[in-house]
Every structure is written in structure tokens, then in C-alpha cells.
Amino acid sequence: MTPKERVMNTLEKKEVDRVPVFSGMGNVTVAGMQKYGIDFASSHANAEQMATLACSTYELFGFECAVVPFDLCVEAEALGCEVNFYAGKQNILYPTIKSKILKVGEELQVPENLLERGRIPLVKEAISLCKEKLNGEVAVGSYILGPFTLAGQILDLNDLLKSSFKKPNDVKALLSQLVEPLVDIANAFHEAGADYITVREMGAPSDVISPRMFKMLVQPYLKETIAGIKAPTILHMCGDTNMLVEMLYECGANAISVEQKNDVAATRQKLGEEAVILGNLDAYGVIVKGTPEEVEQSVKQAIEAGVDGVMPGCDIWPEVPEDNMHALIKAVEKYGAKS
Amino acid sequence: MTEDKKQLLEEIRKAVIEFDEDRVKELANKWIELGYDANEAIFEGLAAGMEVVGDLFAKNEYFVPEVLMCADALYAGLDILRPHIKAEDKTETKGVVVIGTVEGDVHDIGKNLVKLMFEVAGFEVHDLGKDVPLEKFVEEQLKTDADLVCLSAMMTTTMPGMKKVIEMLRERNPNVKIMIGGAPVSEKTVEMYGADATGKDAASALEEAIKMVASLREMKRKKEI
Ligand code: B12
């Protein structure tokens, strides 16, 4: 079975020879940057570099996907936000939004040529390049934000959080307006060659908002977004998701993906055998900071708890030690085989 | 304390907890009209209410938006009460704090909660926001003569920025107290970076801060004598 078949079959709940090890989020490593002499800050604005780095994690370690882009600013940028790429900084800093463009209650103007704006054409090109480089052997993924998280990027987060209480109808109006642009972007990435699309709603875990608010303000628009995407989808959420998993499942994505704060065995019990659950390795505490033995133990635990695919809980952290990446893949091969 | 006063304080607490901004304003005005001590309403009404909010947050009954709303109710009360604080109570702020999330990091939800706790407790807080250039912390500390600098980082790539700030601060002002925090920060980080303390949440951050500022002031006092 090729890595791509393994990943796509998992998402479609079809048979696989073993659990895949891949991600719906960024997977660039310092090892890849060094091998190709590409620096992180410049890769966000260069399709060739972006694709090269994304594919290098498969080449170097056998991690079974290539995912672009690496930051969370693409949609907000296309909608008109300015982005800081930290050009010239030596340490690895992830791009951030410099200026907010909207206040709650104001009308969002979605530019007509949205799909030609910002780095959307560049990400599409990077996706096609990944496709070429990987020759159909390895799955190519891309991602969009969920509507609530995108709202947090284009307007002041405190304003958004308080308005969620004080003016829920204004917030709902905004979120509902964000669905269509997000769906269009996701489908453009799919047409460019992305085999699967992850929807990252990391701004809405129970570390931040209540399950009640999630149900009222987040879930309806996630459902709508996911329903509009033509590719197989993964719904990913960082942070504490134990109280949310049923609602996440109801959103209708092919799979849900969670981080280490999720008790996967309990989630499996709640959702049943049909659900595709991905996760839940600690992207920093274990994959970066742990020993190779700890990485192996973590993989074993995740598989025993019932994940269908082994996935880091968030972007792979670029500084991951090479030995840990090798240990990660080896452990999945060892414990993930389906007899 | 008269029954009326007690009941009014209880109502102020409740209005903060229920994030009823209008009610807090109404009660604060009533308090002033009755000629009671503003400081008492701030600490035993507003701040005491906020303490309960902190507990509700820790117990997962309240979440970040609820806490922010309670904070707004509290600030509305403070705006009314502060001008009436007696002169002799004014001089004693608990301490001056500079706080911010370090360069390259936009995670500021946790930092905002820590800041809130400091304000409630009576510190003078200078918030530099998020994605703050490292030198800015040093400049602001010198400008405000802050007792305490609080650095927040939620990512391991931005954490080393805290170490640089600490080095720069120590060079300019060896006495200043430095606290660091955020999900990846541990006691070990404190040691490695040469900070003074950390706190796993906003309440423990405040507890540590009060201890440190007290010892700092004690030291200054001894020097003066
Ligand atoms: C919400 C969130 C976001 C929001 C942030 C919105 C905002 N304005 O803050 C958004 C969606 C924008 C976001 C973006 C990103 N995120 Co993010 N995010 C989170 C998430 C889910 C929750 C964080 C949070 O707010 N928690 C709630 C608050 C209340 O808790 P807290 O922050 O821990 O604060 C408490 C304590 O730490 C302490 N404290 C905090 N500061 C201080 C300071 C002092 C002095 C003291 C004493 C105490 C203290 O007290 C606080 C109150 O109790 C975490 C997941 C997690 N497991 O934490 C990831 C997480 C922090 N994000 C992560 C990542 C990777 C990113 C991105 C880089 C993704 C990307 N590809 O671009 C970007 C960052 C871009 C950038 N350059 O900054 C990773 C970081 C991994 C790592 N190795 O470090 C995490 C850990 C997710 C994960 N599972 O791996 N994120």
C-alpha cells in the first residue's frame, strides 16, 4: 500500500495495512531546511521553497504526507490583513497578523477576486508542486481556518469573545459571512491538487470558550463550511476537547483530530467504531522534548487508545530532533500493523 | 459594619460575578452617595467578586469570555470609585508591573488574565500587548521604574526571547523581579533563564508577585536606612 492509499483509505474508513502517520497541519522540520538551505521566513512567500520543505519530511523520515502552507494567515491576508513574516529573524517565528481590519457589527467586504489575492495563488502553486514531486505516492494536504478562528484573526479577539455574549447576532452574521470565502479557498486548494483539507478551529477549545458557546456559535458554521468542501476533510482542534468531541463529530468531517489533552480512549467510547479519530501526540512535550523511547511509548499509547491515524496534536515543531522523527515512524510501523 | 453596608458589598460582588455592568455602576454610585469608603468597595466588593470569578474559571464553570465580561463590570465600578479614594490610601499601590507577550507570539489570552488579576489586586500595570519587540520590555521597565516584569510565551520558539529580555534587564537593573509564564514554561525554565518565578495560572502568578514585590520593597527600605 502506498502512503497515499493508507491516508486516503483511513479518511474514507476503508481497509488499510497499518495505521498511517501523517498530519493535517504544518510538517516542516529544521532538518529539511538545512538539507535544502531554505530559511523559514522566506518559505512562506515562495511556492518552490514551500513545496520543497513540505515534501522533505516524507523524503527524510517517511512521514506520510506533505502539507502546505505553514502559517495561519493566508485567509486573513486575502481578506485584507497585513502579515508579518519576520524576515531576517534568525530564530523560527511563525507569521502573524499585524493589523485587524474589522470590528464586531461592521460589514465584512469580501473582495470579489478573493482567490487571486494574497498568497492564495502561491499556496495553490505549492500544492501542485508537491503533487509533482511526490508522484501520486504520498498524500498532499492543505488547510483552512474554521470561521471562528478566522474571525479571531481579522478582528480584535477580546472584542470577538465579549461580543459572543453581548451581541451574539452580530457575531453570527459575521461567522456566516466567512463560510463562503473559506469554502471557496478550500475548494481552490483541492482543485490545485490537495487530496484532503483540514479545517483548523483552534481558537475555540474549552480552554477558551464554553461548550455551550461552541454549540451556539462555532458548530453551525463549521458544519456549513465542511459541507461545502469537496475534498475529504479533517476537523482539527487544539486544546481541551473532551467536552466537545460529540459536537465535533456531528460537524460531518471525514475525521476529527485532537491533541494530547484529549482522552482518546474515552472519545472512542463516546463516538463508537465508525468515527475516524486522529491524534494525539504532544507536538512539543513529547515529539520535541521527549526521548526516542518516549516517542515510541506515546505512539503505542495513542494506538492502544484507539486512533485511526497517528498525528501530532498541532504543527510539527520544526526543531524536532531527527532521532525522534525516525522513532515516530518506526513506532507506528511496529504498533500500527493491522493483522 | 452596618447591615446596609454589608448587603451593598454583597450585591457588588454578585453583580461582578454575574457580569452585570449596569448594576455595578448603580451600586458604586449608591455607595459613594452614602458616603462610604471607596477603597472598601474596591477590595471587598469588586475584587472579592473577581476572586470568585477566578475560582469559577478554574472549575471550568466560567470560560475566557465570561471572565472578560466580569472584568468589564469591575472596571466600570473602578471608574466610579477611584476618584473617591482617600489621599492616604492612594500612595500605596501594591507595585508597578510591566507585562507583555514576547516577540513572535500572538497568544495573549493567558497574559490578559494574568494582567487582570494584577489590576484587581491593586498593582499599577503597564501592558505592552503581544508580539512585543524584546528591547521594549527594558525601555518600559526603565521608564516606569517597575518592580516587576512579566513575560508570557506560549511557544517554544518564542520562549528563548524571554531569556534575552532577562539578560538585558539584569544588565540594566539587577534588582528588578522577573516572572515568566505560559504553557511551555516550567520551574526548570525559570532556573535555566535566570528568572525569579513562574505561575501555572493567573491566581498563582499573583500570589508569587505579591511575595516578590514585598521582599523587593523590604530590600529597598533597608538600603535607605
Ligand atoms: C487559542 C490558541 C491560538 C490562537 C491564539 C489567539 C490569541 N490571541 O491568543 C490562534 C489561533 C491565533 C493561535 C495561533 C497559533 N498557534 Co496556537 N494555540 C491556542 C491554544 C489552543 C490555546 C491557548 C490559550 O489561549 N489557552 C487559554 C489560556 C487561558 O491559557 P494559557 O495561555 O496557558 O495561560 C495561562 C497560564 O499559562 C498562565 N500564564 C500565561 N502567561 C503568563 C505569564 C506569566 C508571567 C505567568 C506567571 C503566568 C502566565 O496563566 C494563564 C491564565 O491561567 C493552544 C493549545 C494549548 N494546549 O495551550 C495553542 C498553541 C499554543 N498554539 C500553537 C501553535 C503552533 C500556533 C501557531 C504557530 C500555528 C501556526 N501554524 O501558525 C500560531 C501562532 C502564530 C504566532 N506567531 O504566534 C502550539 C504551540 C506549540 C509549541 N511548540 O510551542 C499550541 C500549544 C498548540 C499545540 N497543541 O501544539 N493559537
Side-chain angles (χ1 to χ4, degrees), chain A residues 30 40-41 71-73 84-86 89-98 100 152-153 156-166 168 171 202-214 217 238-240 242-243 259-261 282-285 287-289 314-315 317-320, chain B residues 18-22 56-73 75-76 101-113 115-116 127 129-134 153-164 182-186 188-189 192 200-202:
Chain A
V30 170
F40 192 57
D71 66 303
L72 305 181
C73 303
N84 188 354
F85 294 103
Y86 301 98
K89 292 273 170 195
Q90 281 152 356
N91 44 340
I92 295 169
L93 297 180
Y94 276 78
T96 55
I97 302 295
K98 265 192 197 166
K100 305 284 175 167
Q153 294 284 62
D156 178 64
L157 186 64
N158 282 348
D159 186 19
L160 175 69
L161 292 177
K162 285 192 281 194
S163 301
S164 300
F165 253 103
K166 287 190 195 166
V171 174
M202 61 203 287
S206 311
D207 311 68
V208 182
I209 65 170
S210 65
R212 222 172 328 119
M213 190 176 277
F214 185 93
L217 280 181
C238 290
D240 182 359
N242 288 308
M243 296 184 275
E259 63 148 85
Q260 66 275 4
K261 284 190 188 170
D282 184 337
Y284 178 67
I287 302 183
V288 177
K289 279 282 154 191
C314 196
D315 303 85
W317 213 240
E319 293 145 333
V320 53
Chain B
E18 290 171 356
F19 44 88
D20 190 341
E21 206 176 310
D22 292 335
L56 291 171
F57 180 72
K59 281 193 279 188
N60 261 341
E61 283 178 42
Y62 271 14
F63 296 82
V64 177
E66 287 88 334
V67 176
L68 295 175
M69 305 268 293
C70 295
D72 277 0
Y75 289 132
T101 304
V102 299
E103 182 165 65
D105 204 324
V106 293
H107 297 95
D108 63 352
I109 298 173
K111 183 268 294 166
N112 288 341
L113 297 184
K115 165 192 166 189
L116 178 64
D127 180 11
K130 60 188 172 202
D131 192 13
V132 179
L134 305 179
M154 285 295 284
M155 295 189 295
T156 39
T157 43
T158 53
M159 250 167 65
M162 303 202 288
K163 184 157 187 264
K164 286 193 196 141
V185 173
S186 64
K188 223 167 111 198
T189 328
M192 263 167 46
K200 63 179 192 327
D201 54 30

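Residue numbers start from 1 in every chain, and the chains themselves are labelled A, B, ... in the order their sequence lines are given, proteins ahead of strands.
A:Asn91 touches chain B through its side chain: at least one heavy atom from C-beta onward sits under 4.5 Å away, while N, CA, C and O do not. A:Asn84 touches chain B through its side chain: at least one heavy atom from C-beta onward sits under 4.5 Å away, while N, CA, C and O do not. Residue contact with chain B, scored on non-hydrogen atoms closer than 4.5 Å, involves the side chain of A:Lys89 exclusively. When heavy atoms are compared at a cutoff of 4.5 Å, B:Tyr62 does not approach chain A at all. Residue contact with chain B, scored on non-hydrogen atoms closer than 4.5 Å, involves the backbone and the side chain of A:Ser206 alike. When heavy atoms are compared at a cutoff of 4.5 Å, B:Leu68 approaches chain A by way of both its backbone and its side chain.
The candidate from A:Ser164, A:Ser210, A:Pro318, A:Pro211 with the greatest count of non-hydrogen atom pairs under 4.5 Å with chain B is A:Ser210. For the set A:Ile209, A:Leu93, A:Leu157, the count of heavy-atom pairs under 4.5 angstrom toward chain B peaks at A:Ile209.
Summarising the geometry, atom CG belonging to B:Asp72 is positioned 3.5 Å from atom NZ belonging to A:Lys162; distances are rounded to the nearest 0.5 Å. Here CG of B:Asn60 is found 6.5 Å from CG of A:Asp240. Values are rounded to the nearest 0.5 Å. Separating the CG atom in A:Asp315 from the CE atom in B:Met155 is a distance of 10.0 Å, to the nearest 0.5 Å.
Closest approach of B:Asp131 and A:Tyr86 over heavy atoms only: OD2-OH, 2.7 Å. Nearest approach of B:Phe63 to A:Val208, heavy atoms of both residues: CB-O, 3.4 Å. Taking both residues in full, the closest heavy atoms of B:Pro65 and A:Leu161 are given as CB-O, 3.4 Å, listed atom of the first, atom of the second, then distance.
By the side chain to side chain donor-acceptor pair (under 3.5 Å) test, B:Thr157 pairs with no residue at all, sequence neighbours left out.
The environment of NZ in A:Lys100 is crowded: more than 12 heavy-atom neighbours from other residues, nucleotides or ligands sit within 6.0 Å.
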